[in-house]
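Here the structure comes first, spelled out in structure tokens, and everything after it is commentary.
Keep in mind that the numbers below use all heavy atoms, side chains included, and drop hydrogens, waters and symmetry copies. Here is how names work: the chains are called A, B, and so on, in the same order as the sequence lines, proteins then strands, and each is numbered from 1.
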There are 2 protein chains.
Amino acid sequence: MIYGLHPQNSRTFIVVRIMYIMLNNVFKYILLDLYEHFIVIFLLIFVLFIKYDNLINQRTMIIFSVNMQNIFKTLRSKSYSVPCEFCSIGSLCIPILLNNKLDNILDRKMSYAKDEIIVKANTPFTKFYIIHSGALKTFVTTPDNNQQINGFYLPGDIVGLDSISTKIYNNNIQSLTNTLVCELYYDELMSLVDTQKNVRDMVFNLLSSSINNYQKLVLCYSQKKADERLATFIYSLYRHYEQRGHSSLNIKLMMSRADIANYLGLKIETISRNLSKLQEKNILSVRGKYIFIKNLNALIDLGN
Amino acid sequence: MIYGLHPQNSRTFIVVRIMYIMLNNVFKYILLDLYEHFIVIFLLIFVLFIKYDNLINQRTMIIFSVNMQNIFKTLRSKSYSVPCEFCSIGSLCIPILLNNKLDNILDRKMSYAKDEIIVKANTPFTKFYIIHSGALKTFVTTPDNNQQINGFYLPGDIVGLDSISTKIYNNNIQSLTNTLVCELYYDELMSLVDTQKNVRDMVFNLLSSSINNYQKLVLCYSQKKADERLATFIYSLYRHYEQRGHSSLNIKLMMSRADIANYLGLKIETISRNLSKLQEKNILSVRGKYIFIKNLNALIDLGN
DNA sequence: CGGGCTCTTGAGACGAATCAACTAGCGTGG
DNA sequence: CCACGCTAGTTGATTCGTCTCAAGAGCCCG
């Protein structure tokens, strides 16, 4: 449990959580450089808080130091976790339904390191993965041994819907950063579907909207040029964060250029060139993995 | 009720149906030219049958003549209908479940002429369409007023799964030939989902395998060249017919070159050129809308 | 038989891939 | 703390594949 936010003490945990959400919401429109300074200020406040908290003892101190490191890391990478109510599962979170105690929800979360293979393709399908924080990608390996990414998954997303019919995982699932996922067993979900109408409707909606997304992706592939595809991709990231309650013009790309290129059916050089092109057009400001959307409407227009 | 197979008299209908299915199954391996002759023989037998059927009166005669025209048309285009047990809905056909009488099933079928718009995009979603015979396409119209096809649907397929989450039809649905569809109301299906486990599982499988198909399509788009895409497309048609109990190396393209091009994200000239290329390689034999697969393995290899 | 389609084939234009060189960012170890 | 190497990312020159434009062939239908 070195990775991820996982203190044993639930009171201190809540404080961490509140400040964390605050930071994500209050500062979401602040530019990259400013952002860095605020993190320092935040950490100072945080250290003071620890100093005067009478709960502190040797053991929690160690936990805090571990957490602080993680929080710092997380903030630096501007990764985020969705509060459970913004999850694609929404208020119907299975752990919550099964057992309404917070501790139990936390116990359901599994932690994975960067680049860890979570699931290998063609292994038996038993459970879905719902991302709490971090990011995943799914991909298949083609006969000529290179990979084809067919989805990026961000906090709140559910992975594995395509496996219901095949009973095996059709894709490899791999973490892009340190990632916390909730596991959701298919059988458990089905028993809830039978007893609760809202769960049934939710699952149908998830499946249906997944089909919808793929239809849009197909449309993107089949008639858009490289720059249009890239614009669509970046806008879809923006939309995704927005829908999960993190609307910000600052976007951190969790995936490498190579992954983006692979996903969009282009080559890495083309991505690079077109990012520069969008920057020249004053639509984006790119700095490594960070993108700032300078002209959202132009971005939307370009992506059609 | 001019189009489609829709006699009022169920005894005569059954005979038509049996002969129709016979023809589809007995002659499925026979080449195009031979096929034409058998249709003539079949029609002669059919006329004799009518002559000595004591049920005939003025009214049924008219119905028959209408139907004969349609049957002739249908056979000439080598269209086919799936017996209900090969439908994607399978043995769980809702009309059958709701009311086990044949007449009632027939009443559920709606008939559409070639190129008829069955559903306009963005209209309220109430029911799925399951194809009995013929073919449909679904497409969206882009802002610059040209269409993007995102699916062809053949007998046994269900259309509209993506609309569950949006509550509106996301695509226009248009018939490619004269088409018979079974209508399936969403509410009816949901009430069956709640009461019958096998229906529930079927619906989940349908949704999940639809996601699966789109994943494969995305893979096809993002890293295959024109000839590979075309090979994949033709093989997928072959597989589709095979799964519905009509395995034949003779394939009739229900859609125009323009539709194929649009669907595969290519231009009509590229389709034409690559069909010629596949013919030169002795993989296919193309004659207008008819394709004969000369080398199935080579086709599969090319499509990866 | 001609008019309107769809489909095929050819020549040149354009966009993305490829190959190659170079730069920036990052962690590692001295 | 800096030098080092490694990887990720950028930029340029050339090649290759598909699109575009254009003309002609085949087919259905009145």
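Residue B:R257 contributes atom CZ, which lies 15 Å from atom P of D:dG26 at whole-angstrom precision. Atom pair A:E280:CD and D:dT10:P shows a separation of 13 Å (rounding to whole Å applied). Spacing between atom CG of B:L253 and atom P of C:dT8 amounts to 10 Å, rounded to whole angstrom units. The distance between atom CD1 of B:I271 and atom P of C:dT9, rounded to the nearest whole Å, is 14 Å. With rounding to whole Å, A:K289 atom NZ is found 14 Å from D:dT10 atom C1'. Atom CG of B:D115 is separated from atom P of C:dC5 by 13 Å (rounded to the nearest Å).
In this structure, the side-chain hydrogen bond (donor to acceptor under 3.5 Å, both in side chains) partners of B:T138, at least two apart in sequence or on a different chain, are B:N150. In this view, A:N172 satisfies the side-chain hydrogen bond (donor to acceptor under 3.5 Å, both in side chains) rule with no residue, not counting sequence neighbours. Partners of A:T142 by side-chain hydrogen bond (donor to acceptor under 3.5 Å, both in side chains), not counting sequence neighbours, listed by chain and number: A:D144, A:N146. A search for ring pair (Phe, Tyr, Trp, His ring centres under 6.0 Å) contacts involving A:Y169 returns A:F125, not counting sequence neighbours. Residues satisfying the side-chain contact (heavy atoms from CB on, under 4.5 Å) test with A:E269, not counting sequence neighbours, are A:K267, A:R273. Annotation: side-chain hydrogen bond (donor to acceptor under 3.5 Å, both in side chains) contacts of B:S222 (sequence neighbours excluded): A:Q148.
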Between A:N178 and A:K114, is a side chain to side chain donor-acceptor pair (under 3.5 Å) present by the stated rule, with each step listed?
CA-CA 5 Å; A:N178 299 345; A:K114 183 171 151 70; over 6 Å; no
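Note that the two end axes of the helix from C:dC1-D:dG30 to C:dG30-D:dC1 enclose an angle of 30°, each drawn from 5 base pairs, rounded to 10 degrees.
Side-chain proximity of B:E269 to the nucleotides C:dC19, D:dA22, D:dT10 is greatest for D:dA22.
If you check every strand for non-hydrogen atoms under 4.0 Å, A:S272 touches a base.
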Between the protein and nucleotides 15-19 of chain D, which nitrogen or oxygen pairs are less than 3.5 angstrom apart?
| unit_1 | atom_1 | unit_2 | atom_2 | d |
| --- | --- | --- | --- | --- |
| D:dT18 | OP1 | B:A226 | N | 2.8 |
| D:dC19 | OP1 | B:K267 | N | 3.4 |
| D:dC19 | OP2 | B:K267 | N | 3.3 |
| D:dC19 | OP2 | B:T270 | OG1 | 2.3 |

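Looking at heavy atoms from C-beta onward, B:I173 lies out of side-chain contact with B:I117 at the 4.5 angstrom threshold.
Listed by first and then second residue, the salt bridge (charged side-chain N to carboxylate O under 4.0 Å, His left out) pairs involving residues 215-239 of chain A are A:D227-A:K277, A:R239-A:E242 (not counting sequence neighbours).
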